[in-house]
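Have a look at the structure below before the remarks.
The first residue of the sequence shown is numbered 1, and numbering continues consecutively from there.
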Amino acid sequence: QEGRFDAKASDEDIHTANERRLKELIGRTAGKLHTGRSRNDQVATDMRLWLRGSIDDLRRLLCKLITILLERTEREIDVLMPGYTHLQRAQVVRWSHWLLSHASNLSCDFAKLKTLYSTVNVLPLGSGAIAGNPFGVDRKWLAQELGFQDVTVNSMASTGDRDFVADFLYWGTLTMIHLSKLSEDLIVFSTKEFAFVELSDAYSTGSSLMPQKKNPDSLELIRGKTGTIFGNCTGFLCSLKGLPSTYNKDLQEDKQAMFSTYDTLSAVLQIADGVVSTLKINPARSEER
């Protein structure tokens, strides 16, 4: 009634806590909740359910950022600027061409999320601890009820499989590389030496000692967070490296890496959205160079 769930010291984990609470509500029938299931296949299912919804959230945020880049492309198509290779002036390009270069990278990331969703959207429930279950559980029906497109084909592989987490962490790493590149370009373009763009005060900070400065803190934090996401991916792959087949407790490390990567990307995409939508372009300066 109060929308709360109170865990007790006797609850071994979330699965036993759920079963205990259901017994309090409906009696011994709640024991059937565990029929044909193990915590090994349950946790794998829970993670896929969570990640499936999180991918949808990230797709919406990514789509919004790409849309903002495209809208600026149309509005500012006549603005010229130097194109750079080796950070040296190379050829004259349109500001819109530069915007589209980043929109293109992010569009590839968006497309990869669709493929990742298909990888995640496979049901391991019914695999049991390692060797399936003897109760004739209709896994296809379960998959349909839970919105999965298919079921896993091998119970031993299902309980120990975290490739879908590794795929998500790699996707997050590559997406953060693209966002870091966008950030670095804008950091350089916003310096007095370039002065192609000016960041909004909402996404900048001043200096207590040097009032003439306008620091691109939001972009620097995006660039810095990229290393954290690299670490999540590399660290988890190292955890997987030495594991024998099926479920091992080391796999608990998947959650910290997965949740952290999602939280960081969700925040970074919203910050990048704000930075790009509010920055001002200085056409006179970019065309002069």
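F164 and L49 sit in two unconnected hydrophobic clusters of ILVMFWY residues. Membership requires side-chain heavy atoms under 4.5 Å apart, directly or through other members. There is a path of hydrophobic side-chain contacts, each under 4.5 Å, that joins F110 to L51. By the criterion of side-chain heavy atoms lying less than 4.5 angstrom apart, applied directly or through intervening Ile, Leu, Val, Met, Phe, Trp or Tyr residues, L142 is not grouped with V43; the two fall into different hydrophobic clusters. V151 and Y247 fall into different hydrophobic clusters, where Ile, Leu, Val, Met, Phe, Trp and Tyr side chains are chained together by heavy-atom contacts under 4.5 Å. Note on M156: it does not cluster hydrophobically with M47, by side-chain heavy-atom contacts below 4.5 Å among ILVMFWY residues.
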What's the verdict on side-chain hydrogen bond (donor to acceptor under 3.5 Å, both in side chains) for S239 and D250, showing C-alpha distance, side-chain angles and the deciding distance?
CA-CA 7 Å; S239 296; D250 314 52; over 6 Å; no
With side chain to side chain contact (heavy atoms under 4.5 Å, CB included) as the test, would you mind laying out the steps for L62 and R59 before giving the verdict?
CA-CA 5 Å; L62 195 52; R59 288 181 74 182; 5.8 Å; no
I'd like to know whether W98 forms a ring-ring contact (aromatic ring centres under 6.0 Å, His included) with F189, so could you lay out the CA-CA distance, the side-chain angles of the two residues, the decisive distance to 0.1 Å, and finally the verdict.
CA-CA 12 Å; W98 175 86; F189 291 167; 5.5 Å; yes
Going through the checks in order, is the side chain to side chain contact (heavy atoms under 4.5 Å, CB included) test met by K140 and D150?
CA-CA 7 Å; K140 291 283 188 179; D150 206 349; 3.1 Å; yes
Side chain to side chain contact (heavy atoms under 4.5 Å, CB included) between N121 and S118, worked out
CA-CA 5 Å; N121 200 28; S118 297; 5.8 Å; no
Hey, mind stepping through R39 and E12 against side chain to side chain contact (heavy atoms under 4.5 Å, CB included) and telling me if it holds?
CA-CA 11 Å; R39 283 175 291 189; E12 186 175 348; 2.9 Å; yes
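Residues in residues 198-215 take part in these salt bridge (charged side-chain N to carboxylate O under 4.0 Å, His left out) pairs, two or more places apart or across chains: E198-K214, D201-K214. For the ring-ring contact (aromatic ring centres under 6.0 Å, His included) condition, the pairs that include at least one residue of residues 250-289, sequence neighbours left out, are W50-F259, W50-Y262. Within the structure, side chain to side chain donor-acceptor pair (under 3.5 Å) contacts touching residues 23-32 (residues at least two apart or in different chains) are K8-E24, R20-E24, R21-E24. Residue pairs meeting the ring-ring contact (aromatic ring centres under 6.0 Å, His included) criterion with at least one member in residues 115-154: none, sequence neighbours excluded. Listed by first then second residue, pairs satisfying side chain to side chain donor-acceptor pair (under 3.5 Å) with a partner in residues 69-85 read R72-E76, E76-W95, not counting sequence neighbours. Among pairs with a residue in residues 252-273, those fulfilling salt bridge (charged side-chain N to carboxylate O under 4.0 Å, His left out) read K64-D273, R162-D254, at least two apart in sequence or across chains.
A pairwise comparison of heavy atoms in G31 and E19 identifies CA-OE2, 3.8 Å as the closest pair. Closest non-hydrogen pair, G136 versus N133, comes out as N-OD1, 3.7 Å. Nearest heavy-atom pair across T119 and R48 is O-NH1, 3.2 Å. For Q270 against L61, the heavy-atom pair with the smallest separation is CG-CD2, 3.7 Å. A pairwise comparison of heavy atoms in T152 and S158 identifies OG1-OG, 2.6 Å as the closest pair. What you find for G206 and N215 is that their closest heavy atoms are O-ND2, 3.7 Å.
By the side-chain hydrogen bond (donor to acceptor under 3.5 Å, both in side chains) test, D109 is found to be paired with H178, residues two or more places apart in sequence or in another chain being considered. Applying the salt bridge (Lys or Arg N to Asp or Glu O under 4.0 Å) criterion to R139, with sequence neighbours excluded, gives no partner residue. Residues satisfying the side-chain hydrogen bond (donor to acceptor under 3.5 Å, both in side chains) criterion with T261, sequence neighbours excluded, are N232. Checked against side-chain hydrogen bond (donor to acceptor under 3.5 Å, both in side chains), N248 has no partners two or more places apart in sequence or in another chain.
To the nearest 0.5 Å, atom NE2 of residue H102 and atom CG of residue N105 are 7.5 Å apart. Separation of atoms CD1 (I77) and NE2 (H97) is listed at 11.0 Å; rounding is to 0.5 Å. To the nearest 0.5 angstrom, I271 atom CD1 is 7.0 Å from S218 atom OG. The CG atom of L221 sits 9.0 Å away from the CG atom of L219 when rounded to the nearest 0.5 Å. A distance of 12.0 Å separates CG in N40 from CG in L125, rounded to the nearest 0.5 Å. Rounded to the nearest 0.5 angstrom, L123 CG and D41 CG are separated by 8.5 Å.
Inspection of the S127 and S155 side chains reveals no N or O donor paired with an N or O acceptor under 3.5 Å. With hydrogens and angles left out, the side-chain atoms of T16 and D11 include no donor and acceptor closer than 3.5 Å.
The other residues sharing a hydrophobic cluster with F230 are Y170, L174, I177, where clustering joins ILVMFWY side chains under 4.5 Å apart. Under the 4.5 angstrom side-chain criterion for Ile, Leu, Val, Met, Phe, Trp and Tyr, the cluster partners of L80 are V92.
Annotation: cation-pi geometry not satisfied between R285 and F194 (NZ/CZ under 6.0 angstrom from ring centroid, within 45° of ring axis).
Using a 4.5 Å heavy-atom threshold, the side chains of N282 and V197 count as separate. In this structure the side chain of V120 reaches within 4.5 angstrom of the side chain of L116, judged on heavy atoms. Counting heavy atoms from C-beta outward, D13 and Q42 have side chains that stay 4.5 Å or more apart. Side-chain contact check for S286 versus V79: some heavy-atom pair is nearer than 4.5 Å. A 4.5 Å side-chain heavy-atom check between M176 and L179 finds at least one atom pair inside the cut-off. For the pair V93/P82, no side-chain contact is recorded, criterion being any heavy-atom separation below 4.5 Å from C-beta on. Taking the side chain as every heavy atom from C-beta outward, H15 and D46 approach each other to under 4.5 Å.
A parallel orientation is assigned to the rings of F168 and W171, their planes being inclined by less than 30° (bins at 30° and 60°).
By the 6.0 Å contact criterion, CD on Q91 is open, its count of non-hydrogen atoms from other residues, nucleotides or ligands being 12 or less. Around CD of Q144, the count of heavy atoms belonging to other residues, nucleotides or ligands within 6.0 Å does not exceed 12.
Among T226, I229, I222, the one residue that satisfies the side chain to side chain contact (heavy atoms under 4.5 Å, CB included) test with T264 is I229.
S200 places a side-chain N or O within 3.5 Å of a backbone atom of A202 that can act as its donor or acceptor partner. Panel note: side chain T234, backbone G231; no donor-acceptor pair is recorded below 3.5 Å.
Using a cut-off of 4.0 Å between Lys/Arg side-chain N and Asp/Glu carboxylate O, D6 and R4 are scored as salt-bridged.
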